[in-house]
Amino acid sequence: MTGGEVAGILVAVFWAILVSFLAVALVRLAQTLRATTKLVAEVTEQAVPLLADASQAVRSAQTQIDRVDAIATDVQEVTSNASALSTTVASTFGGPLVKVAAFGYGVRRAMSRNHTDEAPAPERARRTVIVGRTVPAPKGSKRRRQKG
């Protein structure tokens, strides 16, 4: 064998090994592409119903939001009407009720003065508390009413 024949055999063996590696790589790439295609198909099968359910949930939520908005509008209108009614009742009955109460107070006071004139009640002496003891007020002092 000559040097050229040995070199030709080495090149042929090198090319055979290279083609074998490329064939193995292409087979693995084909398997990966098949698995990826299968995975994408399964995800698509599951995603379409999920998207339909999500769309239905969004529509349902929008319907509920519209209902809540209508309820809030009604509540605001009822509140406004109640405020107007309260103002009307206060202005209509407030003044006369105050006058009736004042008249009743005056009558009670007049009646109590008439009763005190007829039968004077004994005046209670004002007492002061000092460190646990009660001391009677001086005889000449008048009883004062406290504001409060």
Side-chain angles (χ1 to χ4, degrees), residues 1-116 121 123-137 141-148:
M1 275 206 187
T2 62
E5 290 175 349
V6 172
I9 290 176
L10 286 175
V11 169
V13 169
F14 174 74
W15 279 106
I17 293 172
L18 181 66
V19 168
S20 298
F21 282 127
L22 288 176
V24 169
L26 286 174
V27 167
R28 288 189 181 176
L29 180 63
Q31 289 174 348
T32 305
L33 286 175
R34 270 189 247 120
T36 304
T37 303
K38 184 179 176 183
L39 180 65
V40 167
E42 289 175 359
V43 168
T44 302
E45 288 176 9
Q46 292 177 2
V48 170
L50 287 176
L51 289 174
D53 290 345
S55 176
Q56 179 62 29
V58 168
R59 276 190 236 110
S60 175
Q62 183 61 38
T63 302
Q64 296 300 324
I65 288 173
D66 291 342
R67 287 181 183 170
V68 168
D69 188 37
I71 290 170
T73 302
D74 291 344
V75 167
Q76 184 178 9
E77 185 177 332
V78 166
T79 303
S80 174
N81 291 342
S83 176
L85 179 65
S86 171
T87 303
T88 302
V89 167
S91 66
T92 303
F93 296 113
L97 284 178
V98 169
K99 290 178 183 176
V100 166
F103 178 75
Y105 175 75
V107 168
R108 276 195 318 268
R109 184 134 185 196
M111 295 299 285
S112 69
R113 283 187 184 166
N114 286 342
H115 287 293
T116 55
E123 191 174 322
R124 288 188 287 179
R126 183 171 180 198
R127 298 173 185 231
T128 307
V129 176
I130 300 176
V131 191
R133 290 186 346 165
T134 303
V135 179
S141 69
K142 290 188 177 179
R143 200 171 170 193
R144 282 189 260 158
R145 199 185 272 185
Q146 292 182 351
K147 295 182 181 179

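As the structure is a prediction and not an experimental result, all values here were calculated from the model. Position 1 is the first residue of the sequence, and the numbers go up from there.
- Residues meeting the side-chain contact (heavy atoms from CB on, under 4.5 Å) test with Val89, sequence neighbours left out: Leu85, Phe93.
- Side-chain atoms of Ser86 never come within 3.5 Å of backbone atoms of Ala82 as a donor-acceptor pair (strictly under, hydrogens ignored).
- Note: Arg34 CZ to Leu29 CG = 10.0 Å, rounded to the nearest 0.5 Å.
- At distances below 3.5 Å, not a single donor-acceptor pair connects side-chain atoms of Ser83 with backbone N or O atoms of Ser80.
- Legend: residues meeting side-chain contact (heavy atoms from CB on, under 4.5 Å) with Val6, ordered by chain and number and at least two apart, are Met1, Leu10.
- Residue pairs meeting the side-chain hydrogen bond (donor to acceptor under 3.5 Å, both in side chains) criterion with at least one member in residues 46-59, sequence neighbours excluded, are Ser55-Arg59, Gln56-Arg59.
- Not counting sequence neighbours, the partners of Val13 by the side-chain contact (heavy atoms from CB on, under 4.5 Å) test are Ile9, Ile17.
- Residues forming a side-chain contact (heavy atoms from CB on, under 4.5 Å) with Val107 (at least two apart in sequence, or on another chain): Phe103, Met111.
- Within the structure, every pair that satisfies the side-chain hydrogen bond (donor to acceptor under 3.5 Å, both in side chains) test and touches residues 64-74, not counting sequence neighbours, is listed here: Gln62-Asp66.
- Remark: Leu26 CG to Phe21 CZ distance equals 13.5 Å, nearest 0.5 Å.
- Under a cut-off of 6.0 angstrom, the local environment of CD in Gln31 is crowded, with over 12 non-hydrogen atoms contributed by other residues, nucleotides or ligands.
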